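For reference, the structure is listed below as structure tokens.
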Amino acid sequence: MELTFWLLDPSYTVVEGVPEVRLWGITDDGRRVLVKDRGFRPYFYVLPKREADLSKLKENILALSLPDHPILSVEEVEKKYLGKPVKVLKVTCQQPPSIPTYREKVKRLSSVEEVLEADIRFYIRYMIDNQVEPCGWHQVKVREVPPSEAKGFKVDAVYEALEPPKPLPPAPPPKLKVLAFDIECYSETGTPKPHKDPVIIISVVTNSGDKRHFLADGKDDRKVLEGFVSFVKEFDPDVIVGYNSNFFDWPYLVDRAKKVGIKLDVSREGTEPQPSVYGHYSIVGRGAVDLYNYAEGLTEVKVKTLENVADYLKVMSKDRRTMIEYTELYRYWDDPSKRDLLLKYAMEDAESTFGIAEKTLPFLIQLSNLTGLPLDQVVAASVGFRVEFHLLRHAYLEGELAPNRVERPYSPYRGAIVLKPRPGIHENIAVIDFSSMYPHLMIKYNIGFDSYLPPGEPPPDEGFYEAPEVKHRFKKTPPSLYRRMLEKLLEARAKIREQMKGLDPHSPEYTILDNRQQAVKVLANASYGYLGWVGARFYMKPCAEATAAYGRQTIMKANQLAKEYGLDVIYSDTDSLFVKYEEGKVEEFINRVEKEVEIELKVDKIYSVLFFTEAAKKYAGLLSDGTIDVVGFEAVRGDWCSLAQEVQTRVLELVLKEKSVQAAVRYVQDVVTKLRKGEVPLKELVIWKTLTKSFEEYEVEAAHVTAAKKLLEAGYGLEVGDKVGYVIVKGPSDKLADKAMPYIMVKPEDVDYEYYATRQVVPSALRVLRYFNVKEDELLAGRKQTSLFDFT
DNA sequence: GCGCTAATTATACCT
DNA sequence: ACAGGTATAATTAGCGCG
């Protein structure tokens, strides 16, 4: 029979010595199913040395075969390696776990140059080779496995694939069952530890409208764990989402369940959550998604707490949230009069998580489908790996072998051009930029690891492109794999955007397409950086270096033409030009540049008023709708206290919009006065900085590090990558590092308000106001003198 | 040892 | 673990100095 299903989660196992790929999915009629395929075998490639005798090598490899998990075959196949045709041996084995062993043995054979693609996970290999796509629809010929033989699989039906599934054209995903959860633990001393601290609450929200708590019995958490497990089994979610669940909830639940003797068998094959690739927890048959991974990509949110992210995504407003300090949680559990509040708080966490999932899953589903990484993995994988898996799919289709991942020393190269801005206020400025400059340059000059012509190699008849300055050469034909891949991505995006035009922006069709085009954009934009990443399989520095060099040439050309057209360039960074907007001239200029460099150029924004300091990468501009863009300034940097950010934002508003330096000065003076009187909430004085390495690795004493040490002493778990919130207090010495206190330990009377006045508020205001002759003294003096002139 | 500047370290931003 | 370019603050090293 034929079955149509949408692939949610791939896994595999070895049954009776045979590898079995397991495709967990949802059918077009809404049944949860498992499709098993025992027809696929793991393999790797052997690149022989040039002088090697292939038939001899074949024999030598086969001689390594062990009876328990044999080598099934060694065939000679034609492939390409970095664009060059090669004869390689494909070594097919019986069992995936034997691959690493055979790889090591084969590698040591004298006539072997390299072993390739031995480290690609079995079910990923299966999907690549059969063009099976995660989060995509497929059709497959199957035989149903009788229910009596399918016990232990928590699905509506189990099938055996008679041949590999075939992908179907893109269509909307099925209705997925989504469950969001969050746990609270009981700890009187800092971060809870699973060996001693129980789970007291698990709150759950589902998209069937269910919201409920599971509670511990006092400090006995057996009931809460059991309740949760049986609820998961009963609701049977396709996707389970948490927030920081990879680092907290799942490992904690697993440890706790073990400790109290409860089986956390929440997967669709009755197994526990397992730690897996990219630091994520996998639950077989479901998509376990940690939305913190998604939040890591939101650069606009500086401190990525659940509350902040939910607020930013308009899922749950921050000022309407029930907040309880982590240190206080246990008191709320112990005190019957406060417990309801704790339950409310816990539920709001689950609701926020659920809300974020609703908004982000459609995009993540598209990203999974496009890259070929399973949903749970694609969320956890970094940008580099997303690009890489997408690339692996292309490489396979074109017969290109994937190089091995090797450790390389960091090796930087020259990048883009940034011009110094013209400081001060400007009016009517257009920001013109090249669309997707790097991808288009790579296409135009056929850049790629397979088209690269190393020094000394004779050029082909068809000719080559030679990059400026760096002189790297690339064959003009055939089109590089990178070029074809990027063309596909850019075409796909253009097509999607065309389709979107006819649709209502609020319709589900529109949303799906929008998510798809965003996913495509992510990949296209990261493709240039990937080639210069020393961790990349397809690392090829000359490609990245040449692309950057062409980029410099292109923007320089545009700058030169702007001058010829009488356009005043005020600033330029990488692929953008800020020019005085003169309508006719700008259009003519754009046409000319497009003709010369063959890359689309467009007016991105027009600022009615724009402000620059002497510094590059910082500006603030007023748009016609009255909004102000702030770029690069302290106001958008997460390592300044929010009071200083607020002050700078307001100052920019007063200067750009109200055009009143005087009002800005008065405003700052008022804030300074208030600050000195202690009338500013402590919260606004917290400075957040990331702990980027372990304590021992720091070479100097930094404020956030000393604050972090104090947190650690008090029992709080802190890890590399965490943000430390501290406040500067009147300290034992003048050294700032000695005066930094974790904000949760600070009393308002301890605060060093002079620090905030002289090192936070006034500097951030002065960054702008000093261009209008405002002096530090004036701002610090409080409101006395009336000031100065306006620039208008 | 003191007071200064220059160099180094550390972070977060922009395209 | 996508890239390089840039700004900025704070700490530390280095230097002159009876």
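The structure presented is a predicted model; accordingly, all values stated were derived computationally and were not measured. All chains are named by letter (A, B, ...) in the order of the sequence lines, taking the proteins before the strands, and each is independently numbered beginning at 1.
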Contact class for [X] vs. all strands (heavy atom < 4.0 Å): base, sugar-phosphate, or nothing?
{"X": "A:Gly529", "answer": "base"}
{"X": "A:Ala737", "answer": "sugar-phosphate"}
{"X": "A:Tyr755", "answer": "sugar-phosphate"}
{"X": "A:Gly535", "answer": "nothing"}
{"X": "A:Tyr413", "answer": "sugar-phosphate"}
{"X": "A:Ala416", "answer": "sugar-phosphate"}

Separation of atom [atom1] in [X] from atom [atom2] in [N], rounded to whole Å:
{"X": "A:Asp575", "N": "C:dG5", "atom1": "CG", "atom2": "P", "result": "15 Å"}
{"X": "A:Phe578", "N": "B:dC14", "atom1": "CZ", "atom2": "P", "result": "11 Å"}
{"X": "A:Asp752", "N": "C:dA10", "atom1": "CG", "atom2": "C1'", "result": "15 Å"}
{"X": "A:Asp629", "N": "B:dT15", "atom1": "CG", "atom2": "P", "result": "10 Å"}
{"X": "A:Glu300", "N": "B:dA12", "atom1": "CD", "atom2": "P", "result": "16 Å"}
{"X": "A:Met485", "N": "C:dC2", "atom1": "CE", "atom2": "C1'", "result": "12 Å"}
{"X": "A:Glu634", "N": "B:dC13", "atom1": "CD", "atom2": "P", "result": "11 Å"}
{"X": "A:Leu486", "N": "C:dC2", "atom1": "CG", "atom2": "P", "result": "18 Å"}

Locate the shortest heavy-atom distance separating A:Val534 from A:Ser411; write the atom from each residue and the value.
CG1-N, 4.0 Å

Please pick, from [options], the nucleotide with the shortest atom-to-atom distance to any side-chain atom of [X].
{"X": "A:Tyr698", "options": "B:dA10, C:dA10, C:dC2", "value": "B:dA10"}
{"X": "A:Ala615", "options": "C:dG4, B:dA10, C:dA7", "value": "C:dA7"}
{"X": "A:Val636", "options": "C:dA10, B:dA10, B:dC13", "value": "B:dC13"}
{"X": "A:Trp533", "options": "C:dA9, C:dC2, B:dA10", "value": "C:dC2"}
{"X": "A:Thr692", "options": "C:dA7, B:dA12, C:dG4", "value": "B:dA12"}
{"X": "A:Asp573", "options": "B:dC14, B:dA12, C:dT12", "value": "B:dC14"}

A:Tyr698 vs A:His704 aromatic rings, parallel, tilted or perpendicular, using cut-offs 30° and 60°?
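Answer is perpendicular, since the angle exceeds 60°.
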
Whether A:Asp752 and A:Lys739 form a salt bridge (side-chain N of Lys/Arg under 4.0 Å from carboxylate O of Asp/Glu) is what I want to check.
yes

salt_bridge(A:Lys602, A:Asp433) N-O dist < 4.0 Å:
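Salt bridge: yes.
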
Verify the contact: side-chain N or O of [X] to OP1 or OP2 of [N], cut-off strictly under 4.0 Å; return yes or no.
{"X": "A:His704", "N": "B:dA10", "answer": "no"}
{"X": "A:Thr690", "N": "B:dA12", "answer": "yes"}
{"X": "A:Arg537", "N": "C:dA1", "answer": "no"}
{"X": "A:Lys689", "N": "C:dA10", "answer": "no"}
{"X": "A:Lys723", "N": "B:dT11", "answer": "no"}
{"X": "A:Arg759", "N": "C:dA10", "answer": "yes"}
{"X": "A:Ser382", "N": "C:dC2", "answer": "yes"}
{"X": "A:Arg767", "N": "C:dT8", "answer": "yes"}
{"X": "A:Tyr619", "N": "B:dT15", "answer": "yes"}
{"X": "A:Tyr539", "N": "C:dA3", "answer": "no"}
{"X": "A:Ser576", "N": "B:dT15", "answer": "no"}
{"X": "A:Lys693", "N": "B:dA10", "answer": "yes"}

Side chains of A:Asp575 and A:Tyr438, heavy atoms from C-beta outward: is any pair under 4.5 Å?
no

Does the side chain of A:Leu489 reach to within under 4.5 Å of the side chain of A:Pro439, using non-hydrogen atoms?
no

Ignoring hydrogens and geometry, is there a side-chain-to-backbone donor-acceptor pair from A:Ser576 to A:Ile432 under 3.5 Å?
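No, because the side chain of A:Ser576 does not come within donor-acceptor range (under 3.5 Å) of the backbone of A:Ile432.
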
Is there a residue in residues 384-392 of chain A whose heavy atoms reach under 4.0 Å of DNA chain C, and which residues are they?
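Those residues whose heavy atoms fall under 4.0 Å from DNA chain C, taken from residues 384-392 of chain A in numerical order, are A:Gly384.
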
With DNA chain C as reference, determine whether A:Ala380 or A:Arg637 sits nearer its 5' end, using the nearest nucleotide of each.
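In this pair, the answer is A:Ala380.
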
Assess the residue pair A:Phe578 and A:Tyr619 against the criterion (ring pair (Phe, Tyr, Trp, His ring centres under 6.0 Å)); give the C-alpha distance rounded to whole Å, side-chain angles, the decisive distance to 0.1 Å, and a yes or no.
CA-CA 11 Å; A:Phe578 290 55; A:Tyr619 55 89; 5.0 Å; yes

Between A:Tyr292 and A:Phe247, does the ring centroid distance fall short of 6.0 Å?
no

Spatial distance of atom CG (A:Leu364) from atom CG (A:Leu291) [nearest 0.5 Å]:
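Output value for this atom pair is 7.5 Å.
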
